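First the structure, in the form of structure tokens, and then the observations on it.
Every value quoted in this text rests on a predicted model; they were computed, and no experiment measured them.
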Amino acid sequence: MTVRLALSFILAWTCVHFITLGSPRWGAGSRHDATILGQMIAVLLFPALFLIAFGNWRKFSGPIFVSSTGVVFYLLSLVQK
């Protein structure tokens with residue numbers, strides 16, 4: 001249970017880190033506004049991703065979902081504007 005809790009925290013934190021890292025490149029406006037928007041999205045998504053990764057009844061479906069979401073946001077952070 002402790003390992004699942006730690007894994008869920010690490011996966012959720014990694015995903016929201018990539019959201020915050022890539023957000024300045026996504027917005028059409030100023031970089032500051034896009035960064036603030038990315039931080040707000042990350043703050044709202046962190047508890048949801050943590051609960052999905054930890055609270056899912058199937059053993060691997062939650063971590064796989066959160067990991068794939070993190071990979072998507074990592075790839076989006078590589079996209080240049």
Side-chain angles (χ1 to χ4, degrees):
M1 178 124 164
T2 306
V3 173
R4 253 184 104 184
L5 186 67
L7 179 67
S8 301
F9 181 80
I10 290 169
L11 290 175
W13 182 84
T14 303
C15 186
V16 297
H17 174 71
F18 287 134
I19 292 171
T20 306
L21 186 68
S23 64
R25 297 183 188 123
W26 301 335
S30 69
R31 290 177 56 96
H32 177 70
D33 292 340
T35 303
I36 297 298
L37 178 64
Q39 289 173 348
M40 290 181 354
I41 291 170
V43 165
L44 291 174
L45 277 182
F46 181 75
L49 289 172
F50 181 74
L51 289 176
I52 288 171
F54 181 70
N56 211 349
W57 288 105
R58 294 186 203 146
K59 193 171 189 177
F60 296 114
S61 62
I64 288 173
F65 175 76
V66 175
S67 296
S68 62
T69 306
V71 167
V72 167
F73 281 112
Y74 172 70
L75 292 175
L76 282 175
S77 71
L78 296 177
V79 173
Q80 297 293 327
K81 185 175 170 185

Stepwise side chain to side chain contact (heavy atoms under 4.5 Å, CB included) test for L49 and V16: CA-CA 9 Å; L49 289 172; V16 297; 4.3 Å; yes
Any residue meeting side-chain contact (heavy atoms from CB on, under 4.5 Å) with I36, in chain and number order, not counting sequence neighbours: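 Per chain and number, I36 pairs via side-chain contact (heavy atoms from CB on, under 4.5 Å) with H32, Q39, M40.
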Heavy-atom closest pair, residues I19 and G38: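 For I19 and G38, the tightest heavy-atom pair comes out as CG2-O, 3.7 Å.
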Which pairs would a plain distance check flag for residues 65-76, meaning a side-chain donor or acceptor within less than 3.5 Å of a matching protein atom at least two apart in sequence or in another chain?
unit_1: S67; atom_1: OG; unit_2: P63; atom_2: O; d: 2.7
unit_1: S68; atom_1: OG; unit_2: I64; atom_2: O; d: 3.2
unit_1: S68; atom_1: OG; unit_2: F65; atom_2: O; d: 2.8
unit_1: T69; atom_1: OG1; unit_2: F65; atom_2: O; d: 2.8

Above 12 or not: heavy atoms from other molecules or residues under 6.0 Å from CZ of F46?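 Yes, because the 6.0 Å sphere around CZ of F46 holds more than 12 heavy atoms from other groups.
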Are I41 and L78 joined in one hydrophobic group, where the rule is that I, L, V, M, F, W and Y side chains link up if heavy atoms are under 4.5 Å apart?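 Both belong to a single hydrophobic cluster.
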